[in-house]
Amino acid sequence: MTATATDVTTAAVSARGVSRAFGSVQAVADATLEVQPGTVTALIGPNGCGKTTLMLMLAGLLRPDAGEIRIAGIDPRTDSAAVRTAIGWMPDQLGSWDNLTCLQTLTLMGRGYRLAKHEARERGAGLLEMVHLSEFADRPTRVLSRGQKQRLSLARALMNDPDVLLLDEPANGLDPRSRVELRTLVRELAADGKAVLVSSHVLAELDEMVDEAVFMSKGRTLGDEIADKVADARRRYRVVALNDAALKAALTDAGVPFDEETVGAVIRVGDEDEAFHALAWLMGQGVRVHRFGPAGSALEQTYMAMEEERR
Amino acid sequence: MTLVDQNPAPADAPEPAPASSAVPRAKGNPWLPTPRGVWLVTGIELRRRRPSTKGWIFYGLLLALIIAVGVLLAVVSGEDMTSTPMEMVLVLVLGAGMLIAPSLAATSVNGDSSEGVLAPLQMTRLTAGDLAIGKLLASWLIAVVVLLTMTPFLVYAFARSGWHWGELVTVIGVILLVVLTSTAIGLAWSSLAARAVASVSLAHLTTGALLLGTLLVFIFTQPLVSETVTDTSRSVDYEALTDEQRVAYENWDWSEVDPATLPCVEGQSDWSYGVPHTERTAWLLLANPVVLIGESSPIISYDTWEQDGRAAPGMFAQMHSWVSDMRIGPSEADLAGQRYDECAMLVADANGQAYDDGWQEQQSTASVYPRAPWIGLGVEAVLLVGSVWIVIARLRVPYKKLRQGTRVA
């Protein structure tokens with residue numbers, strides 16, 4: 001199969017069989033992913049698995065050795081100017097012009113995107129407000145803390161009002177409140193129709209932010225088998241009862257498969273409706289349930305399972 | 001393609017649909033510099049280098065010092081026209097420019113990259129050409145500021161130098177070109193080397209190679225272009241002198257004896273040596289930036305400078321004279337070898353004539369020999385264009401290759 005018109009899909013970001021080596025190090029061996037407009041996709045994997053390299057290739061900064069990349073249907077190799085107008089990229093490396101103020105930084109960035117001066121300034125001021133840096137608008141960026149620089153970097157990525165957002169470790173260094181705000185912001189951006197690809201290893205946070213997850217290991221994106229694992233992890237419910245023995249007896253008698261835990265048990269339910277019925281049934285059996293809910297972060301469970309397989 | 005086949009698209013891949021976007025699309029992967037892009041990058045770079053309060057104080061002190069030196073020179077020097085202050089200012093501008101601008105440029109690409117501020121700019125619509133030329137101009141403009149700082153001194157020096165306006169403008173233009181080229185070389189090293197230390201040293205080494213290297217190569221290649229010349233001598237044959245002649249010769253008294261009648265003997269102390277054909281290697285000197293400045297400055301005749309309304313030949317004029325001498329190469333007479341002729345000297349001396357070896361004539365010829373700035377200008381232009389080309393090629397994204405030991409950003 002070669003790159004033909006059929007490769008052009010509605011996906012805002014699509015990569016197929018992408019690879020890239022640095023000398024003898026194969027940073028990305030075989031990566032395939034798609035991000036649809038209006039959705040948030042997580043890129044998850046251990047340190048050094050090629051997440052950043054893949055992001056750089058998607059951003060059009062690095063040429064893949066093989067494979068096809070399309071951003072909003074455009075090939076960054078041949079039409080990088082168009083790709084750049086469509087992409088907002090937040091790098092994992094924090095960098096800012098020390099001597100310039102936050103507002104100057106954003107204004108100059110906006111002019112790099114060929115916005116008129118006043119337009120860039122207005123947009124910059126608006127974005128500073130959005131990331132809660134308005135009070136620093138006229139102060140040099142060197143006074144910013146790590147988390148504040150991270151927020152400035154996010155504002156910078158949004159200067160050109162991109163259709164596609166690539167966020168590389170955006171939650172690094174953010175305080176808890178900023179993390180919650182980041183989550184809300186990312187969901188809002190997706191609701192505006194932007195396609196968001198976000199890499200992070202704070203998995204519990206991604207759980208509430210993302211629609212899809214792509215796992216990467218040793219330069220490869222893991223396909224359907226890992227998707228099944230995520231789906232399975234999403235179905236896991238932890239039940240803890242005051243009378244533990246009665247809980248396990250009830251489950252065993254009814255032939256319900258469950259994972260035995262040190263405290264309570266983990267059962268699998270299809271959807272929220274099924275969860276309700278399961279809880280009602282357990283109560284009816286006289287089990288004194290005091291905790292009933294999803295068994296932790298689905299992404300985290302999958303990640304751990306993947307890591308274990310690797311060993 | 002197998003790579004794609006191993007990773008089939010999801011079964012429910014959507015129907016082929018045209019890429020939908022309302023954003024007006026730019027086409028292609030442009031790299032040429034654009035006026036507004038260059039202007040923007042220059043502005044960003046200059047804003048980033050805006051001096052702090054301490055910087056302004058330092059700059060003010062420097063300016064005061066320069067004015068003080070100018071005033072001092074005006075007071076202590078005499079009334080006569082002199083080109084020394086002029087040459088001093090020009091050398092200072094060249095020296096400062098060649099030290100400052102390349103140092104700034106040499107950390108401009110790799111420094112930005114390790115600070116993580118290069119890639120975000122590359123992600124905008126700015127082209128590689130915009131970034132390269134903008135950074136080049138920003139560093140070069142700092143050297144122009146140095147020149148502007150020198151203006152009070154320059155005006156004074158010019159007033160006393162006997163130069164014409166046009167000549168001053170030409171020389172300053174050439175100096176700024178030389179500084180621009182050195183800046184571009186610094187920038188090129190910065191885009192090639194991963195670490196700032198390496199690129200700064202390499203930039204200064206390149207400048208040093210142009211300044212000293214050309215001179216050294218010129219000197220050390222002289223044996224290769226040398227021709228062996230034998231000096232001959234003719235002297236009075238002491239043994240064959242008659243008693244009368246011997247008395248006259250020993251007392252240097254030619255009242256009785258005609259010196260032309262003395263017996264002479266040839267070739268008693270001949271010796272051979274190499275005469276370099278410097279006209280074959282003089283282009284090496286002409287490639288030297290300092291020689292280029294000299295070759296761009298006005299010709300001052302050793303003979304007629306006073307009538308011409310000029311100051312006495314200064315450093316630049318001497319340099320031009322020396323370089324011209326090298327360009328002319330050895331004369332027929334030089335290649336024929338020296339002829340030490342005691343007998344002829346005796347005759348000339350007895351007749352009250354001076355023995356002329358033609359050295360002074362040679363000096364005056366060399367001082368008004370036509371100027372040759374074109375080789376130097378050509379070298380500067382080639383280095384400038386080549387360096388800028390390297391920088392643009394290295395700044396184009398998507399990167400094929402990265403600087404050894406670096407990450408994108």
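Lettering of chains follows the sequences in order, A, B, ..., and the numbering in each one begins at 1. Quick caveat, the model's predicted, so the values are computed rather than measured.
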Does atom [atom1] of [X] have more than 12 heavy-atom neighbours from other groups under 6.0 Å away?
X: B/Arg49; atom1: CZ; result: yes
X: B/Tyr59; atom1: OH; result: yes
X: B/Arg48; atom1: CZ; result: yes
X: A/Glu212; atom1: CD; result: no

Minimum heavy-atom distance [X]-[Y], with the two atoms named:
X: A/Ala81; Y: B/Arg125; value: O-CD, 3.8 Å
X: B/Glu115; Y: A/Ser96; value: OE1-O, 4.3 Å
X: A/Trp89; Y: B/Ala119; value: CZ3-CB, 3.6 Å

> CG/A/Leu62 to NZ/B/Lys400 distance, rounded to the nearest 0.5 angstrom?
Replying inline: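 If we round to the nearest 0.5 Å, A/Leu62:CG and B/Lys400:NZ are 12.5 Å apart.
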> So which part of B/Arg396 gets closer than 4.5 Å to some heavy atom of chain A, the side chain, the backbone, both or neither?
Replying inline: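 Looking at B/Arg396, nothing touches chain A.
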> Checking B/Leu40 against chain A: side chain, backbone, both or neither under 4.5 Å from a heavy atom?
Replying inline: side chain
> Do the side chain of A/Arg84 and the main chain of B/Thr124 share a donor and acceptor less than 3.5 angstrom apart?
Replying inline: yes
> For the side chain of B/Arg50 and the backbone of A/Leu100, is there at least one donor-acceptor N/O pair under 3.5 Å apart?
Replying inline: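 Pair absent, no side-chain N/O of B/Arg50 close to backbone of A/Leu100.
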> So which of A/Arg77, A/Met57, A/Gln104, A/Arg20 has the biggest tally of heavy-atom pairs under 4.5 Å with chain B?
Replying inline: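 The candidate making the most pairs under 4.5 Å is A/Arg20.
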>> Between A/Leu108 and B/Arg47, is the side chain to side chain contact (heavy atoms under 4.5 Å, CB included) condition met? List the steps.
In response: CA-CA 11 Å; A/Leu108 291 170; B/Arg47 278 191 184 89; 3.7 Å; yes
> Taking only heavy atoms into account, what residues of residues 109-118 of chain A are found under 4.5 Å from chain B?
Replying inline: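 Against chain B, the residues of residues 109-118 of chain A that fall inside the cut-off (heavy atoms, under 4.5 Å) are A/Met109, A/Arg111, A/Gly112, A/Tyr113, A/Arg114, A/Leu115.
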>> If the contact rule is any heavy atom under 4.5 Å from chain B, which residues of residues 143-155 of chain A qualify, in numerical order?
In response: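 From residues 143-155 of chain A, none sit under 4.5 Å of chain B.
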